[in-house]
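This report concerns only the one structure given below.
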Amino acid sequence: MTGKEYRTITDVKGPLVFLNKTEPVAFGEIVTLRLSNGTIKNGQVLDTSDDLVIVQVFEGTAKIDRESGVTFMGDVFKLPVSTDLVGRILDGAGRPRDGGPEIVADEKADIIGAAINPYSRQSPNDFIQTGVSAIDLCTSLVRGQKLPIFSASGLPHNDIALQIARQAKLKDSDEEFIVVFCAMGITAEEYNFFRSDLERTGALENAVLFVNLADDPAVERIITPRLALTAAEYLAFEKDYHVLVIYTDMTNYCDALRQIGAAREEVPGRRGYPGYMYTDLAMLYERAGIIKNKKGSITQFPILTMPGDDITHPIPDLSGYITEGQIVISRELHQQGIYPPINVLPSLSRLMGSCIGEKTTREDHKSVSDQMYAAYAQGRELRGLVAIVGEDALNERDKQLLDFSGVFEDKFLRQTRDEDRSIEETLDLCWTLMSAIDTKYLVRLDQKWIDKYHPDNRA
Amino acid sequence: MNNEGVIYRISGPVVTATGMNAAMYDVVRVGHEGLMGEVIELHGEKAVIQVYEDTSGIRPGEPVLNTQETLSVSLGPGLLTQIYDGIQRPLPTLEEEMGVFITRGVDADAFDLEKIWTFEPQVAVGDEVVAGQVIGHVQETETIVHKIMVPPSVSGVVKSIESGDYNVTQTICVLDNGTEMQMMQKWPVRTPRPFQQKYAPETPLITGMRILDFLFPLAKGGAAGIPGPFGSGKTVTQQSLAKYSDAQLVVYIGCGERGNEMTEVLDEFPHLIDPNTGKPLMERTVMIANTSNMPVAAREASVYTGITIAEYFRDMGYDVALMADSTSRWAEAMREISSRLEEMPGEEGYPAYLSSRIAEFYERAGRVETLNGDDGSVTVIGAVSPPGGDISEPVSQGTLRIVKVFWGLDAGLARQRHFPAINWLNSYSLYPQSLDQWFRDNISQDFPEVRTQISGLLQIESELQEIVQLVGSDALPTDQQLTLEVARMIREYFLQQNGFHDVDAYCDIHLQYQMAKAILSFQDAAKSAMASGAVLNDVVNVPARSDLMRGRFEKGYIDVIADMVKKMTDQIAETVEEN
Ligand SMILES: Nc1ncnc2c1ncn2[C@@H]1O[C@H](COP(=O)(O)OP(=O)(O)O)[C@@H](O)[C@H]1O
Ligand SMILES: [Mg+2]
């Protein structure tokens, strides 16, 4: 039901175009704009009334003038979906970017996505082994979880995300993930890094890429993750795949949101971001999960860079309020030359409790994880004290814990980019490292696990 | 009267209609699909409507129908064990009607209107009945008798009354003035239900969490705020309260939070037993889940839906506890709607009426004399999610101005895995004075004094810690080193309580008292041993002390704790002889 072309633009402001006197236009309807030089741009209705329609233009409003023609396409934004998506690279608005054909649609799916009925969800509880010790031991990832990486500029979050994408598997299972990768405003260099890695490992054939780069239209970033998640939902809930969605960088997404808010002269919330940013982010993050009686799942791995390394900045803050934990990357560890520089102390997996233990990982997992965490936390704290009172002032216990914190970083955290440690290897490594501490100080370890796993008792 | 208008404008969840007679808070049906909405502002002949479902694809010119009703909830047998969205549509019904994704345009009855309940009359023909009076009983679940009450503002003489099996829409009582009564009634959510008078609370809501019951008790009929940054334990605390507190009924509102958390409650509760009654927990629970990605207008309504249901059960004479996780998301929903209305913003973009809305909501808590002369209460516990954990923001401040209990969650404690991560230095309860008599009468005469000693020790510890930071603990005199050990015992043995532990997650209030006394016994024994020459290190390390501390993880601790304390003090005394 493509309507007629209007030439009633009154105002253009930032990414927004204002028109008056149209036929009734639907809220959320897709719009094409034809410029006098023949260029075609796309947009979406943000506000509609008898007198005035506000359109958000994805490709930016450059060269739009009052003579530009506006056509309302009669429908909200939909993505053609089919299993043909797998192996394809699309741009930030869902058009082929790999020179391949248009996607032949099985169906067209509304990209806004409907909320999963909480009653219809199934609690995620399958442990995913990432092969990264810090994550597997301390912030275990669960299939169907949304677990972001809180990073900052110049840190190796991309390497970590890729390593996880490469290595992630259910324990004792060969079932593979399909990766849906969504780039929002990242540099061409970063993108090439992702693509060539996926190509190198053969994962590209099993991936769908949606790519909006730094020099692509900023406003388009509003829809890119929605396209990616729509593809993910189709693959997971219609086609039974286990889907891993990696999207980067959420900070660019939020900045695009802020830009639109400013153009609409909305009352800004904290640091200029819109007051509805929490809800908006939730509409993305909550599209992770598992549904009763469906085979597939969506696991989300959003990456965001914290402006100024500040975890209280609205972007990490609102994300942390929605996601099921966070993995925090530390500049300090990175500067010490440690990869992966994951700071386990502020990191958290809220779903960990349901996925570890005898039946899934190993019986001593929780106990070991608690003890490693506690010993490292205490050791780290002692570093501050030592700086003031000197190492000699420490008692025996504190000396051991202080030393342990260094070993934790050097031997436990540190691993190579292609080192894929099984959870047993990770746990055994923990026991070896903890044996440097007198057992009487290892109060969080159950005696029965000490008897069974401590190197002194295993020999 | 013209009940029909047309859409003039659509901006997200806010729709403007023209050509329709409307009053504030009228419920309307919007567009060809008949989406549910509520009139929230009138401008000349324009009515501004907040719509409870997604508005994409709706166009100006589509019809709007005014139902002339106000946003109400249905009240009657069938409420318990339900899980609703923000406007009281049962989620299982929505799943049946629209599949696993919540689409729109579907109506659903709040409960099964056909289900047959056994109605046992409590009045007879010729009796005079007044508003709120109980006319009959229905055994709704194993634990809860649902009392059928005369609706507020109705009274008269009973002309006929039924007995036996009826559904909720059949007439079970007729008055001489012709009023017919059914087991189901409706009540507008934004209007508090009436009562005779409010009483001062004097009974604690026992929660089984030591730091709450012992240090910062909440009264039945009181209100508490739990602010904290993400990951500090708001949700775990609220869920523990829903599981273990000695309220007779629980209304749990998941307001703008995670879907999986509600799923978890749904999975877990049916298998849990209420420690106070030994009956399945689900039977006393009503849940409301309007998660973060569900429509914001329905999120705004969800807290009112919840509190109205809570008041209804209060009116039957029950003690009801309501948890709202999180009130910040409710406030944000108000902010979002307000900004669409282009209202003049107050602080941080919130509407100027934010603090009065918060106050009005918490004011619906209270212990009351009901219309029928019974005693009932609604206790409200609201989680607050301050941006960046900084409670100087408007929602935290608006909440703290009105609630009498502040359980302050602390990111630092959570990071140390000290749970519940409630900061014992800045949290407070203004209730102890009114509750102390209850504690003296029911737990122990010296309960308040023991509390004072425990919190005093924690206070002293925080002062000593400042010195330790500078010089190390070895530089302190031994009596102060002992104080630090005692305080550490309070923290690790008493305040810490793993919300997921099979045994320790819930601690009987009598046991709480004995554990506190055990700490003081340790202190006394250590002091006197050290006065006779014992060494602190020996005193602290007596094996019976760690047995005592670990004992709390085993069932039946309450039966053995006295013996364990005795063993500990004996061993401490023996450390004197060793020297
Ligand atoms: N009382 C508790 N006992 C044990 N663990 C807790 C407790 N409170 C919080 N936690 C831990 O902290 C995590 C975050 O708690 P949660 O209540 O979800 O935080 P919030 O709602 O404030 O974001 C939980 O997943 C759990 O691991
Ligand atoms: Mg929470």
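Residue numbering restarts at 1 for every chain, and letters A, B, ... go by the order of the sequence lines. Below, all heavy atoms of this structure are taken into account, side chains as well, without hydrogens, waters or symmetry copies.
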I'd like to know if the side chain of B:R59 reaches the main chain of A:V25, judged simply by a donor and an acceptor atom lying under 3.5 Å from each other, with no hydrogens or angles considered. no

B:I102 versus A:A114, closest heavy-atom pair with distance: O-CB, 3.4 Å

Measuring heavy-atom distances to chain B, does A:P316 have an atom under 4.5 Å in its side chain, in its backbone, in both, or in neither? backbone

Donor-acceptor under 3.5 Å (A:Y321 side chain, B:P386 main chain): yes

Between the side chains of B:R299 and A:T279, is a donor N or O closer than 3.5 angstrom to an acceptor N or O? yes

Residue B:L266 versus chain A: region with a heavy atom under 4.5 Å: side chain

List the atom of A:P24, the atom of B:P60, and the distance in Å for their closest heavy-atom pair. CB-O, 3.1 Å

Report which part of B:E342 has an atom under 4.5 Å of a heavy atom belonging to chain A: side chain, backbone, both, or neither. neither

With chain A as the partner, which of B:S338, B:P92, B:A333, B:S326 has the greatest number of non-hydrogen pairs under 4.5 Å? B:P92

Would you say the side chain of B:S339 lies within less than 4.5 Å of the side chain of A:R264, judging by non-hydrogen atoms? no

If you take all heavy atoms of A:K146 and B:N260, which pair is closest and at what distance? NZ-ND2, 4.4 Å

Flag, side chain of A:R270 to backbone of B:E348, donor-acceptor distance under 3.5 Å: no

Heavy-atom contact with chain A under 4.5 Å, split by part of B:I83: side chain

By a 4.5 Å heavy-atom criterion (distance strictly below it), what part of B:D54 contacts chain A: side chain, backbone, both, or neither? neither

Using modelled atom types and a 3.5 Å cut-off, is there a donor and acceptor pairing between side-chain atoms of B:R417 and backbone atoms of A:D370? no

Quick check against the 3.5 Å criterion: does A:N117 have a side-chain atom that pairs as donor or acceptor with the backbone of B:L91? yes

Take atom CD of A:E381 as the centre, draw a 6.0 Å sphere, and report whether it contains more than 12 heavy atoms from other residues, nucleotides or ligands. no

Relative to chain B, which segment of A:T323 carries a heavy atom at a distance below 4.5 Å: side chain, backbone, both, or neither? backbone

State, yes or no, whether a side-chain contact exists between A:P124 and B:T263 at a heavy-atom distance under 4.5 Å. no

Would you compute the distance between atom OG of B:S11 and atom CG of A:L46 and round it to the nearest 0.5 angstrom? 8.0 Å

Whatever's closer than 4.5 Å to a heavy atom in chain B on A:Y278 counts as side chain

Given a strict heavy-atom distance threshold of 4.5 Å, which part of B:R335 is in contact with chain A: side chain, backbone, both, or neither? side chain

Contact class of A:Y373 relative to chain B, heavy atoms under 4.5 angstrom: side chain

For residues B:E95 and A:S120, report the shortest heavy-atom separation together with the two atoms involved. OE2-OG, 2.7 Å

Chain A interface, residue from B:E257, B:R104, B:M262 that has the most non-hydrogen pairs under 4.5 Å: B:E257

Over 12 foreign heavy atoms within 6.0 Å of CZ, A:R383: yes

Rounded to the nearest 0.5 Å, what separation is found between the CE atom of A:M283 and the OG atom of B:S292? 9.5 Å

Using a strict 4.0 Å threshold on nitrogen-to-oxygen distance, state whether A:D50 and B:R9 make a salt bridge. no

Are B:Y8 and A:D51 linked by a side-chain donor-acceptor pair shorter than 3.5 Å? yes

Give, for atom CZ of B:F101 and atom CZ of A:R287, the distance between the pair rounded to the nearest 0.5 Å. 8.0 Å

Do we see a donor-acceptor contact under 3.5 Å between the side chains of B:E264 and A:S123? no

Side chain, backbone, both or neither: which part of B:E332 has an atom under 4.5 Å from a heavy atom of chain A? side chain

Identify which part of A:E23 has an atom lying under 4.5 Å from any heavy atom of chain B, answering side chain, backbone, both or neither. neither

Most contact-rich option vs chain B, by heavy-atom pairs under 4.5 angstrom, among A:K292, A:E324, A:E266, is A:E324

Tell me, yes or no, whether the heavy-atom count around A:K399 atom NZ, taken from other residues, nucleotides or ligands under 6.0 Å, exceeds 12. yes

Name the member of A:I322, A:V76, A:T312, A:I291 that forms the most heavy-atom pairs with chain B at distances under 4.5 Å. A:I322

Go through the atoms of B:T291 and report whether side chain, backbone, both or neither lie under 4.5 Å from a heavy atom of chain A. side chain

Main-chain N/O of B:G259 paired to A:E286 side chain as donor or acceptor, under 3.5 Å: yes

Donor-acceptor pair, distance only, cut-off 3.5 Å: does the side chain of A:Y119 make one with the backbone of B:Y84? no

Quick check on the interface: out of B:K234, B:E336, B:R415, who has the most heavy-atom pairs with chain A under 4.5 Å? B:R415

Decide if atom CG of A:N395 counts as having more than 12 heavy atoms of other residues, nucleotides or ligands within a radius under 6.0 Å. yes

Residue part contacting chain A, namely of B:R329, when any heavy atom lies under 4.5 Å: side chain

Chain B contact via A:Q145 - side chain, backbone, both or neither, heavy atoms under 4.5 Å: neither

Minimum side-chain heavy-atom gap A:P118-B:E261 below 4.5 Å: no

Name the region of B:V100, side chain, backbone, both or neither, that has any atom closer than 4.5 Å to a heavy atom of chain A. both

Please identify, among A:G28, A:P346, A:G289, the residue contributing the most non-hydrogen atom pairs under 4.5 Å to chain B. A:P346

For B:P345, which atoms come within 4.5 Å of any heavy atom of chain A: side chain, backbone, both, or neither? side chain

Is there a donor-acceptor contact under 3.5 Å from the side chain of A:D317 to the main chain of B:G388? yes

Residue selection (most heavy-atom pairs with chain B, distance under 4.5 Å) from A:V443, A:I116, A:L351, A:L394: A:I116

A:E29 side, atom CD; B:I10 side, atom CD1 - distance, nearest 0.5 Å: 10.0 Å

